[in-house]
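One structure is given below, encoded as structure tokens.
When reading the values below, keep in mind they use all heavy atoms of this one structure, side chains included, and skip hydrogens, waters and symmetry mates.
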Amino acid sequence: MVSLTSDMSPLHPDRNLALELVRATEAASIRAVPFIGRGAKEAADGAAVDAMRAFFSTVNFDGTIVIGEGEKDNAPMLYNGERVGNGKGPRCDVAVDPIDGTSLTAAGRQNALSVIAVSDHGSMLDASSVFYMDKLVTGPAGVGVVDIRLPIGENIRLLAKALGKPVDEIVVSVLNRPRHEQLIADIREAGAGTRLMSDGDVAGGINAARHNARTDMCVGIGGSPEGIVTACAIKALGGHIQGVLAPRGDAEKQKGLDAGLKVDGEVYEADDLVRGKNTIFVATGVTDGQLVQGVRRDGDFIYTESVVLRGASGTLRRISSEHLTSKWL
């Protein structure tokens, strides 16, 4: 197996691969712009998928999509098992979400991203048989402190103590869904504040794990693919992530069992979601958000902002790019 960071690889693909993948997320974000606020989330996703797939073909790696997108939202596919890249670099597992937040894009709301995560071949959990996962994400202060098996109020108190701040200054991100009504009530009863997200829990998880972010914790049930993607980013941030698969009924539970997944409330730790530290996470803003700015067009130029997180080096880099509008017409 060729590692993403192995010095034995003649291509030394670690930094180069990360920067090449940014081109794919930039392209997906730019192609989604005409659909922002137009109420057509599947059209936006289709444009982003086509752009991302086209750029994948130019990248020096041999990737297999482990976490694709589309089945949950009836959207176009970069499907599980699809081979991407030009086949000339290291073998990699790939998770993609050409737009994390298609509904956000369609509504013209904040925090829509184009996302790619990569790890060494065979290291990424394939949780595609069960679409939803209960997650708990914090920054480094939560490592060895919080646990998804504990009541949310206790986790809030433990994290507040670890951060050295009062409970009433803790802010918890959670998707604003009917299934979370009791969770939201419990967070507020514990004395913490909430930041309710309409969509886009990848950004929510990353923001909770970042240093000096506005939120301290991200919890609740969201997509299981998004959980794997988030785990790749958390590896670079040194944060905490746990997940528990949440099958929707007996049929999906059986699908999970058939796929060898833990579906009876067992906890997936960070290294269960993606093994090792050879992870790369790249994201480009589609619309403005806490993590990155969205795509902007100003006359002859298109501006994008991206982040690159590498687990091996524990770095977060920001990339601001100017693109000639004429090249995208």
Testing the 3.5 Å rule here: is there a donor-acceptor pair between the side chains of [X] and [Y]?
X    : Y    : result
D250 : Q254 : no
Q242 : H240 : yes
D147 : N155 : no
T284 : S306 : yes
N80  : S128 : yes
R310 : T279 : no
H121 : T64  : no

Report yes or no: is the cationic atom of [X] (NZ for Lys, CZ for Arg) under 6.0 Å from the centre of the six-membered ring of [Y], at an angle within 45° of the ring normal?
X    : Y    : value
R179 : Y132 : yes
K262 : Y268 : yes
R296 : Y303 : yes

Would you mind checking if [Y] and [X] are paired as a salt bridge, meaning a charged N to carboxylate O distance below 4.0 Å?
X    : Y    : result
K135 : E226 : no
R275 : D120 : no
K235 : D271 : yes
K88  : D62  : no

Any sub-3.5 Å donor-acceptor pair from [X]'s side-chain atoms to [Y]'s backbone N or O?
X    : Y    : value
T215 : S173 : no
D288 : G294 : yes
S224 : M133 : no
D186 : L183 : no

Practice task
Walk me through it: do R23 and E20 pass the test salt bridge (Lys or Arg N to Asp or Glu O under 4.0 Å)?
Solution key: CA-CA 6 Å; R23 296 170 59 237; E20 284 296 297; 3.0 Å; yes
Problem - side chain to side chain contact (heavy atoms under 4.5 Å, CB included), paired with T138, selected from L163, V219, L159 - result: L159
Problem - Option among D201, V274, I241, V115 that satisfies the side chain to side chain contact (heavy atoms under 4.5 Å, CB included) test with T230 - result: I241
Problem - Where N86 and T58 come nearest, the two heavy atoms and their spacing - result: ND2-O, 4.1 Å
Can you find a pair of side-chain heavy atoms, one from [X] and one from [Y], that are under 4.5 Å apart?
X    : Y    : answer
E26  : I302 : no
T194 : R188 : yes
F131 : E252 : yes

Exercise for the section: Quick one: pull up CG in L237 and SG in C232 and give me the separation to the nearest 0.5 Å. Expected result: 11.5 Å
Practice task
Kindly assign one of parallel, tilted or perpendicular to the pair F55 and W328, based on the angle between their ring planes and the thresholds 30° and 60°.
Solution key: parallel
